[in-house]
Amino acid sequence: MRVDNLNTVNVYWCRVSSGRSINYSWIVADKLTRQAVIIDPAWELTTITKIIHKYSLQLKAVLVTHHHHDHINLADSVSALYRIPAFISKSEMDFYALPKEGFITFTDGQILSIAGMEIRAILTPGHTAGSTCFLIDDALFTGDTVFNEGCGMCVGRGADAAQLFISLRRLKREIRDPVKVYPGHRYLTELGAQWDTLKKMNIYLNIKDEETFINFRMRAESIKNAFVFI
């Protein structure tokens with residue numbers, strides 16, 4: 001179990017799986033108060049609760065980057081177990097007509113003051129209609145918007161490669177280089193890399209033309225993904 005020590009928060013790694021699906025759920029805790037949020041809880045409730053208990057954390061909220069099952073399937077369970085709210089973007093909620101019970105919605109750029117932390121919600125549509133990245137301290141939690149080596153697939157209702165191109169260009173403008181990036185999946189390289197490293201190694205962050213980006217992103221959709229989660 002790894003813990004990353006940042007300026008004002010600690011980031012706890014939760015590697016969880018179901019069959020061939022492997023996700024990273026992230027727990028972020030204020031260093032002083034030990035109050036915490038969890039991002040995209042999935043698959044292994046016991047793994048999550050063990051980490052919370054081991055480090056004496058006080059879980060205060062669930063944050064969901066997008067509605068795909070491997071990112072949201074334990075949101076209700078964790079919310080009910082700890083009697084805490086779950087948050088998802090209004091765009092995601094409205095577009096997919098998700099059940100509203102138990103969820104609080106937010107809008108692009110909204111600052112969520114939770115667990116002693118200021119959490120900035122950055123709407124990054126493309127993988128889904130209302131995908132969101134969360135900026136907490138010097139950590140960016142990206143769900144399936146951007147990975148170390150790639151970006152989210154653009155298949156299914158609400159997915160849009162043109163929107164994803166715009167979202168990635170926005171992140172390049174707004175995210176500072178010291179920020180560390182924590183995606184929902186790992187492929188080849190270690191997570192928690194700095195943003196300036198991703199800007200150098202990730203080809204999708206270096207394509208400047210929208211048409212080129214769309215053609216390159218969509219070339220592999222028919223074969224899903226060439227990488228294996230690790």
Side-chain angles (χ1 to χ4, degrees), residues 2-15 23-31 36-42 60-68 70-72 87-89 91-92 106-128 130-153 163-207 229:
R2 175 173 164 180
V3 183
D4 285 4
N5 188 341
L6 303 185
N7 293 327
T8 63
V9 301
N10 289 326
V11 178
Y12 299 85
W13 295 50
C14 303
R15 182 182 182 274
N23 286 58
Y24 284 81
S25 300
W26 304 102
I27 299 175
V28 189
D30 182 276
K31 287 183 178 180
V37 299
I38 186 167
I39 299 167
D40 291 354
K60 296 297 182 180
V62 175
L63 306 179
V64 175
T65 61
H66 64 292
H67 80 286
H68 287 165
D70 60 329
H71 292 259
I72 200 173
F87 293 80
I88 194 168
S89 77
S91 297
E92 192 84 344
F106 54 80
T107 55
D108 180 33
Q110 186 171 339
I111 303 297
L112 307 174
S113 297
I114 306 170
M117 298 177 283
E118 297 294 303
I119 302 167
R120 180 185 170 201
I122 305 172
L123 197 66
T124 51
H127 180 62
T128 66
S131 286
T132 302
C133 296
F134 297 104
L135 183 64
I136 309 174
D137 192 289
D138 276 343
L140 183 68
F141 300 90
T142 59
D144 285 356
T145 292
V146 62
F147 310 116
N148 283 4
E149 306 89 352
C151 62
M153 298 177 67
Q163 284 293 317
L164 187 56
F165 173 78
I166 294 169
S167 293
L168 296 187
R169 299 294 291 178
R170 177 187 181 185
L171 291 177
K172 285 193 71 173
R173 291 194 309 270
E174 298 185 8
I175 301 303
R176 297 176 292 117
D177 288 345
V179 165
K180 291 187 174 184
V181 182
Y182 298 92
H185 303 284
R186 177 188 172 197
Y187 294 95
L188 298 175
T189 56
E190 190 62 272
L191 304 184
Q194 289 195 337
W195 182 238
D196 58 343
T197 299
L198 263 67
K199 287 192 297 184
K200 295 172 184 176
M201 69 184 290
N202 188 324
I203 190 171
Y204 291 96
L205 293 172
N206 288 283
I207 299 175
F229 296 160

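Index from 1, following the sequence.
- Going from atom OG1 of T189 over to atom CG of L191 covers 7.0 Å, rounded to the nearest 0.5 Å.
- A salt bridge is absent between R176 and D196; no separation between the charged side-chain nitrogens and carboxylate oxygens falls under 4.0 Å.
- Going from atom OG1 of T142 over to atom CG of L135 covers 11.5 Å, rounded to the nearest 0.5 Å.
- Annotation: side chain of L164 is in contact with side chain of C151 (closest heavy-atom distance under 4.5 Å).
- Side-chain contact check for T197 versus D177: every heavy-atom pair is 4.5 Å or farther apart.
- Of the possible polar contacts, one joining the D108 side chain to the L123 backbone as a donor-acceptor pair under 3.5 Å is found.
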Q: Take N202 and E149, measure what side-chain contact (heavy atoms from CB on, under 4.5 Å) needs, and give me the verdict at the end.
A: CA-CA 5 Å; N202 188 324; E149 306 89 352; 5.7 Å; no
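- The main-chain N or O of H185 is never found under 3.5 Å from a side-chain atom of N23 such that the two would form a donor-acceptor pair.
- The nearest pair of heavy atoms linking L198 to L205 is O-CD1, 3.6 Å.
- Between V11 and A139 the shortest heavy-atom distance is CG2-CB, 4.5 Å.
- To the nearest 0.5 angstrom, T132 atom OG1 is 9.5 Å from I122 atom CD1.
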Q: Applying side-chain contact (heavy atoms from CB on, under 4.5 Å), run through S131 and D144 and close with a yes or a no.
A: CA-CA 8 Å; S131 286; D144 285 356; over 6 Å; no
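- Between H66 and H127, the ring planes lie perpendicular to each other; the angle is over 60°, past the 30° to 60° tilted range.
- Counting heavy atoms from C-beta outward, R186 and N148 have side chains that stay 4.5 Å or more apart.
- Between W26 and the options W13, F134, Y12, a ring pair (Phe, Tyr, Trp, His ring centres under 6.0 Å) holds for only W13.
- The nearest pair of heavy atoms linking N206 to K200 is ND2-O, 4.1 Å.
- Between atom CG of residue L171 and atom OG1 of residue T145 there is a gap of 7.0 Å, rounded to the nearest 0.5 Å.
- Residues P41 and S25 approach most closely at CA-OG, 3.5 Å, considering heavy atoms.
- Distance check: R15 CZ to Y24 OH gives 5.0 Å after rounding to the nearest 0.5 Å.
- Below 30°, between 30° and 60°, or above 60°: for F141 and Y182 the angle between ring planes is below 30°, a parallel geometry.
- Using modelled atom types, one finds a donor on one side chain and an acceptor on the other under 3.5 Å when comparing D137 with T8.
- Distance alone, capped at 3.5 Å, is enough to place a donor-acceptor pair between the E92 side chain and the G130 backbone.
- Partners of E174 by salt bridge (Lys or Arg N to Asp or Glu O under 4.0 Å), not counting sequence neighbours, listed by chain and number: R120, R170.
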Q: Applying side-chain contact (heavy atoms from CB on, under 4.5 Å), run through Q194 and V181 and close with a yes or a no.
A: CA-CA 6 Å; Q194 289 195 337; V181 182; over 6 Å; no
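- T107 places no side-chain N or O within donor-acceptor distance of the main-chain N or O of Q110, the cut-off being under 3.5 Å.
- Scanning all heavy atoms of the two residues, the minimum distance from A61 to F87 falls at CB-CE1, 3.8 Å.
- Rounding to the nearest 0.5 angstrom, the gap separating the SG atom in C14 from the CD1 atom in I38 is 5.5 Å.
- With hydrogens and angles ignored, the 3.5 Å screen pairs a side-chain donor or acceptor of D40 with a backbone N or O of T65.
- In this structure a side-chain-to-backbone donor-acceptor pair under 3.5 Å is missing from E118 to I111.
- When only modelled atom types and interatomic distance are considered, T124 and S167 share no side-chain donor-acceptor pair under 3.5 Å.
- In terms of heavy atoms, S89 sits closest to F106 at N-CZ, 3.3 Å.
- Within 6.0 Å of NZ on K31 lie more than 12 heavy atoms contributed by other residues, nucleotides or ligands.
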Q.
Show, in sequence, the C-alpha distance, side-chain angles and deciding distance for V37 and M117, and conclude whether the side-chain contact (heavy atoms from CB on, under 4.5 Å) test is met.
A. CA-CA 9 Å; V37 299; M117 298 177 283; 4.1 Å; yes
